[in-house]
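Accompanying notes for the structure given below.
Being a predicted model, the structure only gives us computed values, none of them experimental.
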Amino acid sequence: MNPLSQAAPRPGLAPLALGARPLTVQIAAVLLGTLILAISSQISVPMIPVPVTMQTLAVTLIGALYGWRLGAITITAWLFEAALGLPVLANGNGSLLSFVGPTAGYLFAFPIVGALVGWLVERGWNGSRPSLALVAMIIGNALCLVFGALWLSTLIGVEKAIIAGVLPFLIGGVLKSALGAAILVAFERGRKRAA
């Protein structure tokens, strides 16, 4: 049986059910989410041309916990803050130049990744199904690497883009995916205990 058909979409299936909350709560969640994304960006290991950060973990979790719509809005708001020059990206960067440099493909992938992971979680690929939660996180991380490498290849060529923009991030992507899935499982268990 197809995993997508096993769980019919249900409103509010995103763990935080923010879509059903008042607008003021949603706005506060967006602001908190952009702060979490900015902090996760500062947890980095400098590499050239792309640093290793905790951004992808934060992006996938924002999508998963907030739901696909509010997750994408939150991630886009964070990127808008960066475009305005706020130091919310890796190593305190933030400017329009970030959106044409080596990391631009990853940045443009983030709202899509958050939305996709959120969409999957809303359809049951969540903490109540750990293996599907892990797959959702891996898909999100992989999509980010694909978009990042596609853009990077226009700057340094396909082979160098794969060597510098994909291979160094594979193990970290798997580990961040496992951590993201574990957080979703813990969240689900905590929710069940509270119910």
Side-chain angles (χ1 to χ4, degrees), residues 3-4 33-34 36-66 68 71-72 74-76 78-83 87-121 125-126 130-185:
L4 285 175
T34 62
I36 290 167
L37 287 160
I39 291 169
S40 72
S41 299
Q42 305 318 309
I43 303 169
S44 74
V45 176
M47 290 177 53
I48 295 175
V50 180
V52 174
T53 70
M54 294 303 283
Q55 288 171 332
T56 50
L57 175 62
V59 162
T60 54
L61 282 174
I62 294 280
L65 294 172
Y66 280 31
W68 78 268
T74 301
I75 296 162
T76 302
W78 165 64
L79 294 176
F80 185 70
E81 292 171 355
V88 296
L89 299 178
N91 303 318
N93 290 324
S95 73
L96 285 175
L97 292 177
S98 301
F99 296 91
V100 294
T103 61
Y106 304 93
L107 296 177
F108 284 113
F110 286 155
I112 298 165
V113 166
L116 175 61
V117 172
W119 186 84
L120 290 170
V121 165
W125 296 42
N126 54 36
S131 60
L132 287 179
L134 177 61
V135 171
M137 293 291 174
I138 288 173
I139 289 170
N141 275 278
L143 186 61
C144 186
L145 290 176
V146 167
F147 273 77
L150 286 173
W151 172 258
L152 195 56
S153 69
T154 66
L155 302 175
I156 62 174
V158 174
E159 186 178 340
K160 287 182 181 176
I162 292 170
I163 291 169
V166 175
L167 296 180
F169 302 98
L170 291 177
I171 293 173
V174 170
L175 293 174
K176 286 187 262 186
S177 295
L179 179 57
I183 290 169
L184 290 179
V185 169

Problem set entry | Single hit among Leu132, Leu184, Thr60, Leu116 for side-chain contact (heavy atoms from CB on, under 4.5 Å) with Val121 |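 Between Val121 and the candidates, side-chain contact (heavy atoms from CB on, under 4.5 Å) is satisfied uniquely by Leu184.
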Heavy-atom closest pair, residues [X] and [Y]:
| X | Y | value |
| --- | --- | --- |
| Ser44 | Thr53 | CB-CG2, 3.5 Å |
| Ala149 | Tyr106 | N-OH, 4.2 Å |
| Pro87 | Gly92 | CB-O, 3.1 Å |
| Val117 | Gly140 | CG2-CA, 3.9 Å |
| Gly94 | Leu89 | CA-CD1, 4.4 Å |
| Leu145 | Gly165 | CD2-O, 3.7 Å |

Exercise. Does the side chain of Gln55 pick up a donor-acceptor pair with the side chain of Ser40 at under 3.5 Å?
Worked result: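 Looking only at side-chain atoms, Ser40 and Gln55 do not form any donor-acceptor pair under 3.5 Å.
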Exercise. Do you see a donor-acceptor pair shorter than 3.5 Å between the side chains of Asn141 and Ser177?
Worked result: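 There is such a pair (donor and acceptor under 3.5 Å, judged by atom type) between the side chains of Asn141 and Ser177.
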Exercise. Are Phe108 and Phe99 near enough that their ring centres are under 6.0 Å apart?
Worked result: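 Centroid distance Phe108-Phe99: below 6.0 Å, so yes.
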For this session: Starting at CG of Leu57, measure out to CG of Leu175 and round the result to the nearest 0.5 Å.
Result: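 Rounded to the nearest 0.5 Å, the CG-CG separation comes to 11.0 Å.
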Exercise. Just how far is it from atom CG of Leu37 to atom CD1 of Ile62, taken to the nearest 0.5 Å?
Worked result: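 Atom-to-atom, Leu37:CG and Ile62:CD1 are 5.0 Å apart.
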Problem set entry | Set of residues satisfying side chain to side chain donor-acceptor pair (under 3.5 Å) with respect to Thr74, sequence neighbours excluded |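 Scan of Thr74 (side chain to side chain donor-acceptor pair (under 3.5 Å), adjacent residues dropped) gives none.
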Problem set entry | Set of residues satisfying side-chain contact (heavy atoms from CB on, under 4.5 Å) with respect to Ala72, sequence neighbours excluded |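 side-chain contact (heavy atoms from CB on, under 4.5 Å) list for Ala72, sorted by chain: Ala115.
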Side-chain heavy-atom pair [X], [Y] within 4.5 angstrom cut-off:
| X | Y | result |
| --- | --- | --- |
| Val113 | Phe147 | no |
| Ile75 | Pro111 | yes |
| Lys160 | Leu155 | no |
| Ile36 | Leu61 | no |
| Val52 | Pro168 | no |
| Phe169 | Cys144 | no |
| Trp151 | Thr103 | no |
| Lys176 | Met137 | no |

Problem set entry | Derivation and outcome, side chain to side chain contact (heavy atoms under 4.5 Å, CB included), residues Thr56 and Phe110 | CA-CA 8 Å; Thr56 50; Phe110 286 155; 3.7 Å; yes
Exercise. Can you list the residues that meet the ring pair (Phe, Tyr, Trp, His ring centres under 6.0 Å) rule with Phe80, with sequence neighbours excluded?
Worked result: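 Once residues adjacent in sequence are excluded, Phe80 has no partner under the ring pair (Phe, Tyr, Trp, His ring centres under 6.0 Å) criterion.
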Problem set entry | Donor-acceptor under 3.5 Å (Trp78 side chain, Val88 main chain) |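 Looks like yes, one N/O pair under 3.5 Å.
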